[in-house]
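Comments concern the structure below.
Residue numbers count from 1 along this sequence.
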Amino acid sequence: MNLSDLTRNSCILQGSFARKGYMRWWHSFSGINVQTGKARTFFVEFFIINPGLGSSRPILGQHPYYRKRGMKPSYVMIKAGAFPDENGEDGRQLHVFYPISSLQTAGSPLVMQVSTQAADEKSYSAEGIQEGTCFYSENKLTGFVSVTPGKARHRSLMTDGGYMKWELEVSKAASCHTGILGGRLFQALHLLDSYWHGEGIRSFFRGSVILDGTSYEVTPELSYGYADKHWGRCFNNPWFQFACGKLTSQRTGKELRHSVLAVSGFCPRFLCFPFRRRFLLQLTYMGEDFEFTKCKWDVKETDRRFIWHILARSRNAVLKLSGSCKKEEMLHLRYESPDSRLSKQPLWAGANGIGTLQLYRRGMEGRELLDTLKLENSLCIYRRDETQSPPAY
């Protein structure tokens, strides 16, 4: 349902999840190169893993020193970067790690920051934000990451090399609330392995980004922003997300500024028993919200692209979606799990997905086609079931 819930977006891992769990606040948005006028899509993420095991230094699960001693990862990671352009070039993800002790948080709505400077070197801007920090709130993102070529060669850091700085204001216009599935009872009983809350599935970003010396301007009308949160004890298997804030109506021929689609898959479990995989799908169309939990989906992988087909039904609507994303325009996002494991299957992510959506109203006299929507600049994240074999092309 389209319902903001800042409490759910701010909750911090507790109990056993704090010792074996993760949280990730994801943001993606487009910016315009101030010199060439070309668009790029960026992402900024706060990622926290096993905070209950934290110390005064980041514990990297892939580092030989910690692996030899059987130590689980525990750190704050700032992930930032850009998806490949239309030519499949210049994509990167940059990781900077901080100890749990460097993280400062406050209340609901959540405010977080990690310092990139020694305590005696900190200075403050006019707004009271420490300069040289990575800062997160519901309406502001500031920070920078810098990874030298030498650091990028260390496999334990799972990073590319480069530099990125961002100063952004955020306005979250539409949300996807998972209802009881992400509620306190389900979390207290650990009924799901992973939880999701889409606080900003339609977000407007304003500000600037500098990527390796190139400046980009981010404007609300062209940002096509997206923000959500995942948390739990392990990642979804399979992992599937599809979201689009650039929808054009075939009926009117106009882009729908305040319409958005968000799809997220999850795998509920009770104790150690997995249940049937499920989808949550929300479409906000011309001010009306359509929610679907009964979904059938199919993924086709070729040597050049991923193709998705989704059929969703509710009591009063039917939705048919066909979307795709070129592999050359996608990254392999890199994470380690709370138990230090690296997935055998790559996590593909891109922000230039395209597709077509048909929306029908269900009534006494059958289906009525409300509109056909063209989808562009869609966020696509997918990792196949780790028990499946790679496809034969």
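Residues that satisfy the side chain to side chain contact (heavy atoms under 4.5 Å, CB included) test with Q35, not counting sequence neighbours, are N33. Scanning for side chain to side chain donor-acceptor pair (under 3.5 Å) contacts around S137 gives N139, with sequence neighbours left out.
A cation-pi arrangement is found for K327 relative to W348, the charged atom lying closer than 6.0 Å to the ring centre and inside a 45° cone about the ring normal.
Not less than 6.0 angstrom separates the ring centroid of F204 from the ring centroid of F29. In this structure, the ring of F240 has its center less than 6.0 angstrom from the ring center of F279. Taking the centre of each ring, W166 and F144 stay at or above the 6.0 Å mark. The six-membered or imidazole ring of Y195 lies near that of W231, with a centre-to-centre distance under 6.0 Å.
Distance check: S322 OG to W308 CH2 gives 12.0 Å after rounding to the nearest 0.5 Å.
None of N50, I59, L53 except one satisfies the side-chain contact (heavy atoms from CB on, under 4.5 Å) rule with P73; the exception is N50.
Between W239 and Y335, the ring planes lie parallel to each other; the angle is under 30°, not in the 30° to 60° tilted range.
We find that R40 and D90 are joined by a salt bridge, their nearest charged nitrogen and carboxylate oxygen being less than 4.0 Å apart.
D385 places no side-chain N or O within donor-acceptor distance of the main-chain N or O of N237, the cut-off being under 3.5 Å.
Its side chain outside the 4.5 Å cluster rule for every partner, I354 clusters with none of the Ile, Leu, Val, Met, Phe, Trp and Tyr residues.
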